[in-house]
Number of protein chains: 2
Amino acid sequence: MVVPILPATSAAPPAGGIRSQTGADLRQVALTQFASVGFAATSLQNIADIAGFSKSSVLYHFASKEMLLEQVLTPAIDQLEVVLDRFVTEPETIATRERFVDDFIDFLLEFRLELHTFINQAQSLRGIAIIDRAGLLIVRLAASICHDDASNEDRLRFGFALGGAAYSLVAGMTFLGEATLPDDDLRPALRTVMTELLAPVSVHPRPAHS
Amino acid sequence: MVVPILPATSAAPPAGGIRSQTGADLRQVALTQFASVGFAATSLQNIADIAGFSKSSVLYHFASKEMLLEQVLTPAIDQLEVVLDRFVTEPETIATRERFVDDFIDFLLEFRLELHTFINQAQSLRGIAIIDRAGLLIVRLAASICHDDASNEDRLRFGFALGGAAYSLVAGMTFLGEATLPDDDLRPALRTVMTELLAPVSVHPRPAHS
DNA sequence: AGGCTAGTTGACCGATCGGTCAGATCCTGT
DNA sequence: ACAGGATCTGACCGATCGGTCAACTAGCCT
């Protein structure tokens, strides 16, 4: 017995124009559960209970649990691809790298739950198409940020930026009050730390950026 | 059908003096699985197959799956407590904070799998004694590193240090080749990055430490 | 009114889960 | 030789897993 968070509108949407509100609700619930307790530990029954539907309904809207995961993560991976493509297309200058940091922070704040899901569970979810696609993107991202001649420190900084962001923006809530900050307070601090980690040494730790 | 990695010495340890080699093997296998695919996604059958025993044997050595997790994580949590107590006992100077960073790096390298397990799965494992104890330690750690007047940036740096280390030292292997570095090459890079994140601004980004 | 389609559901399936229990098996002390 | 404890295992249990299926409902078009 779980009290439904979303009352399911009693199976009768007021206007037919609404496109699959149920599917969106289920995706949102699934994302929250996947990010907080993990994909393997989240059952379809669990998702259905929270959303106020039956397990059969979940499987009506999504062909399988894996397909649900794919649809949940796809918008985030698409956006990450856009951000990365924009970065690698341009000539590399301090300005373009700083704009990449800004783009990346926007991505982090919008898709923090998706990031946490595929960053911290990639190994157990190998073989699922969207996860493998995300993995390739991460490799491309690493290669673009760290050149061939990058030092071990710089490669480590990239890993810290990725794993640190995923942890601080989601899991950090478990222990710290950080993530309860409104995004507007979080963004400048995030920009400072991410710049330290991702911008080359030519940018000083606390730059007076544009 | 899983080929056992550890041949189980055919149920006859050569000398009776060896204290529970089987238990140690099982703990090692369990730790690897918990860290790589997650606690929820790891079944006792899975652990037993890899270790070359039956599921019943696992439950003979450990009262339950949760007790196995506790025994797997306890040495790491104990060591983290030692490191933290040593830091908070001493007066805070640049030197003591730098030594804390060194102690912490030693901890990270020795217990990287344990760290990754309880950092990235704490939310789904709440209620298990060792996890709650680890959580309290993390809170104490945060309070010791970040004082009451710490900036949002510094609090974020602490989260990045924790989550970044857990990711870079374990999950990073999925995408990057970093963690395949031998520890001796990894340690100085880790020291540089961790110092940037955990040492106050009075220590410059690349200090010529002792 | 009468079909059509989309949405929702309970009943059900085989597989696997964590866990229990009654034996085997084997080493050791006497 | 024999008893006893430690170790290991297969058979089994109830619960839950992801997934299938037929039926039911409700709006919509003609």
Side-chain angles (χ1 to χ4, degrees), chain A residues 1-2 4 6-27 29-30 33-34 37-72 121 124-125 127-128, chain B residues 1-2 4 6-27 29-30 33-34 37-72 121 124-125 127-128:
Chain A
M1 284 306 156
V2 175
L6 306 165
T9 65
S10 71
I18 299 176
R19 204 192 71 85
S20 188
Q21 181 59 43
T22 299
D25 291 346
L26 291 174
R27 273 193 298 271
V29 170
Q33 293 301 108
F34 291 163
V37 306
F39 179 78
T42 300
S43 68
L44 295 177
Q45 188 69 62
N46 192 347
I47 295 170
D49 287 344
I50 295 176
F53 291 92
S54 69
K55 187 178 70 172
S56 299
S57 265
V58 179
L59 285 162
Y60 169 76
H61 288 278
F62 307 94
S64 69
K65 194 185 177 188
E66 285 194 4
M67 287 301 300
L68 172 55
L69 179 70
E70 300 230 11
Q71 292 204 26
V72 160
Q121 304 179 50
S124 59
L125 301 177
I128 300 178
Chain B
M1 284 307 158
V2 175
L6 307 166
T9 65
S10 71
I18 299 176
R19 205 192 70 85
S20 188
Q21 180 59 44
T22 300
D25 291 347
L26 290 174
R27 273 192 298 272
V29 169
Q33 292 303 106
F34 291 162
V37 307
F39 179 78
T42 301
S43 69
L44 295 177
Q45 187 69 63
N46 193 345
I47 296 170
D49 287 343
I50 296 176
F53 291 93
S54 68
K55 187 179 69 171
S56 300
S57 265
V58 179
L59 284 162
Y60 168 76
H61 287 279
F62 307 94
S64 69
K65 193 184 177 188
E66 285 194 5
M67 287 301 301
L68 172 56
L69 179 70
E70 301 230 13
Q71 293 203 26
V72 161
Q121 303 179 53
S124 59
L125 301 178
I128 299 177

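These numbers come from a predicted model, not from an experiment. Throughout, a chain's letter reflects where its sequence line sits, starting with A, and its residues are numbered from 1.
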Can you tell me how far C1' of D:dT7 sits from CD of B:Gln21, to the nearest Å? 14 Å

When you check every protein heavy atom under 4.0 Å of nucleotides 16-22 of chain D, what one-letter string (B, S, -) results, 5' to 3'? -SBBB--

Does A:Ile50 offer a backbone N or O that forms a donor-acceptor pair with the side chain of A:Gln33 under 3.5 Å? no

Note, B:Arg27 side chain near B:Phe62 side chain (heavy atom, < 4.5 Å): yes

Think B:Ser57 has a side-chain N or O under 4.0 angstrom from the OP1 or OP2 of D:dT7? no

B:Lys65 (side chain) donor-acceptor with B:Thr42 (main chain) under 3.5 angstrom: yes

What is the distance, to the nearest angstrom, from the CZ atom on A:Phe62 to the P atom on C:dG7? 11 Å

B:Asp25 CG - D:dT7 P separation (whole Å): 14 Å

Measure the spacing between CG of B:Leu68 and NE2 of B:His61 and express it to the nearest 0.5 Å. 11.0 Å

Side-chain N,O (A:Tyr60) to OP1/OP2 (C:dG7) below 4.0 Å: yes

Just by modelled atom types, is the B:Gly23 backbone N or O under 3.5 Å from a matching donor or acceptor in the B:Gln71 side chain? no

Taking only side-chain N and O atoms of A:His61, does any of them lie within less than 4.0 angstrom of OP1 or OP2 on C:dT8? yes

Verdict with supporting geometry, A:Gln21 and A:Asp25, side-chain contact (heavy atoms from CB on, under 4.5 Å): CA-CA 6 Å; A:Gln21 181 59 43; A:Asp25 291 346; 2.9 Å; yes

